[in-house]
Amino acid sequence: GTRRMFGLAWPLHTAIPLGGVLMIDEFESSLHPMLAQRLVGLFNDPVSNPRNGQLIFTTHDTNLLGTTLGEPGLRRDQI
């Protein structure tokens, strides 16, 4: 999980502040479910993502769709 997070660090660092698009296949692979939810939350939060960067990903983790972990899920138009 740590290696996967470090692998995502640079793309996240460039996509969010610059308003870019980040595409990830199997997003939840090797990531803790709460960390994956937090990363999705970074893109949904207008304070942390002022330039409207986009995250496009595939996943098998249904926790990212709803509020199972207590975090707000994705809206219907985001799925």
Side-chain angles (χ1 to χ4, degrees):
T2 303
R3 288 183 184 176
R4 174 78 166 160
M5 185 57 208
F6 278 116
L8 290 173
W10 182 253
L12 285 168
H13 179 71
T14 56
I16 291 177
L18 300 177
V21 176
L22 179 59
M23 300 175 85
I24 303 174
D25 188 29
E26 297 292 331
F27 177 66
E28 82 288 350
S29 175
S30 301
L31 288 178
H32 190 277
M34 291 178 78
L35 178 59
Q37 183 71 38
R38 177 68 181 130
L39 293 176
V40 170
L42 285 175
F43 280 89
N44 278 335
D45 185 13
V47 174
S48 64
N49 188 8
R51 296 195 179 190
N52 297 319
Q54 294 182 353
L55 175 64
I56 300 172
F57 64 93
T58 62
T59 185
H60 294 283
D61 186 6
T62 58
N63 292 322
L64 295 174
L65 302 177
T67 59
T68 306
L69 297 173
E71 295 287 328
L74 296 173
R75 294 186 320 265
R76 220 176 172 168
D77 63 326
Q78 293 176 315
I79 298 173

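- In this structure, CZ in Arg4 is found 8.5 Å from CD in Glu28, a value given to the nearest 0.5 Å.
- Of the inter-residue distances, the one linking Leu22 atom CG with Thr14 atom OG1 reads 7.5 Å to the nearest 0.5 angstrom.
- Closest approach of Gly41 to Ser48, counting heavy atoms only: O-OG, 4.5 Å.
- Atom CD of residue Gln54 and atom CG of residue Asn49 lie 9.0 Å apart, to the nearest 0.5 angstrom.
- The shortest side-chain heavy-atom distance between Leu31 and Leu8 falls under the 4.5 Å cut-off.
- To the nearest 0.5 Å, atoms CD1 (Ile16) and CZ (Phe43) are separated by 4.0 Å.
- Partners of Val47 according to the side-chain contact (heavy atoms from CB on, under 4.5 Å) rule, which considers only residues two or more places apart in sequence or in another chain, are Asp45.
- Cluster membership check: Leu35 shares its hydrophobic cluster with Leu12, using side-chain heavy-atom separations under 4.5 Å among Ile, Leu, Val, Met, Phe, Trp and Tyr.
- Contact annotation: the side chain of Leu42 never approaches that of Asn44 to less than 4.5 Å [non-hydrogen atoms, C-beta and beyond].
- The distance from atom CZ of Phe57 to atom CG of Leu39, rounded to the nearest 0.5 Å, is 10.0 Å.
- How far OG1 of Thr58 is from CD of Glu26: 5.0 Å, rounded to the nearest 0.5 Å.
- Around the CE atom of Met5, the shell of radius 6.0 Å holds more than 12 heavy atoms that belong to other residues, nucleotides or ligands.
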